[in-house]
Amino acid sequence: MTLTVRQFACLSDNYGFLIRDEATGMVATVDTPDAEAVLAEIEVSGWGRLDLILNTHWHPDHTGGNERLKAETGCEIVGPEEVRRAAPLDRVVVDGDLVRLGETVFEVTAAPGHTLGHVVYRSIKDDLAFVGDVIFALGCGRLFEGSPEQMWDSLNRIAAWPETTTLYCAHEYTASNARFALSLDDRPEMKAHAEAVFAARERGQPTVPTTVAAERRFNPFLRAADAADFAARRAAKDGFKG
Ligand code: ZN
Ligand code: FE
């Protein structure tokens with residue numbers, strides 16, 4: 001493991017991620033839900049610097065701290081063009097681009113659906129990815145801008161990664177997602193998985209990160225038969241009161 005990840009809760013249900021390339025000591029934050037919380041995490045970590053912001057999409061709970069963090073640290077801000085709708089951005093990335101943090105290399109994958117420009121960042125060497133609001137543990141992002149077909153393709157790009165890949169999702173929505181999953185899936189292993197989620201939340205523990213293996217096995221959106229079935233499930237979840 002050459003990348004260290006510090007995950008912290010912020011805003012009402014976001015996770016922030018402060019990461020360090022151990023070879024060089026360079027530090028990045030994935031999204032900027034809250035500048036104050038990111039700065040506090042830099043302080044607590046003792047890492048002492050911020051070199052880079054990796055934005056996944058333009059929503060304010062992912063870009064709201066860009067301006068302040070740039071002003072305080074002089075870091076470079078990297079993300080999709082759409083970030084400019086909400087916040088400063090230095091370098092635009094598109095599908096297939098590589099972003100370096102010291103010796104760590106992140107591959108950019110376009111994953112439209114939640115927003116049209118949403119990207120995710122994966123380090124193949126570290127077997128992990130930061131997936132923003134595309135896929136959640138047992139869930140997926142709402143379709144604010146894209147079509148169900150786009151989101152279905154985006155989810156399947158993630159599902160095609162190695163099963164061992166760790167997925168860092170940007171929100172703690174898992175208990176509510178688990179209740180929805182149980183409404184569609186009565187397998188005993190689904191029930192056991194959901195019970196483990198509920199118990200973790202009762203203890204105040206995070207259910208993020210997850211893995212490609214767990215999501216392929218339990219995520220009701222990845223388990224859809226096709227794009228039309230996915231669309232029906234996404235619409236059902238939007239109206240689900242569980
Ligand atoms: Zn979002
Ligand atoms: Fe979000």
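The first residue in the sequence is number 1, and the count goes up from there. In this text the structure is predicted, and so the values were computed from the model without any measurement. In each ligand, atom 1 is the first atom listed, and ligand 1 is the first ligand listed.
- The Zn ion (ligand 1) has an N, O or S atom of His114 closer than 2.8 Å.
- For the Zn ion (ligand 1), the N/O/S atoms of His62 include none lying under 2.8 Å.
- Among the atoms of Asp61, no N, O or S atom falls under 2.8 Å of the Zn ion (ligand 1).
- With a 4.5 Å cut-off on side-chain heavy atoms, Thr210 and Tyr168 do not count as touching.
- Counting heavy-atom neighbours within 6.0 Å of Arg100 CZ, excluding the residue itself, gives a total of 12 or less.
- More than 12 heavy-atom neighbours from other residues, nucleotides or ligands sit within 6.0 angstrom of CG on Asp238.
- In this structure the side chain of Ile135 reaches within 4.5 angstrom of the side chain of Asn219, judged on heavy atoms.
- To the nearest 10 degrees, the angle centred on the Fe ion (ligand 2) between NE2 in His171 and NE2 in His62 reads 120°.
- Angle NE2(His57) to the Zn ion (ligand 1) to ND1(His59): 90° [nearest 10 degrees].
- Glu145 CD: more than 12 foreign heavy atoms inside a 6.0 Å radius.
- Atom CD of Glu43 is surrounded by 12 or fewer heavy atoms from other residues, nucleotides or ligands within 6.0 Å.
- Within Asp133, OD2 is the N, O or S atom that lies nearest to the Zn ion (ligand 1).
- To the nearest 10 degrees, the Fe ion (ligand 2) sees OD2 of Asp133 and OD2 of Asp61 at an angle of 170°.
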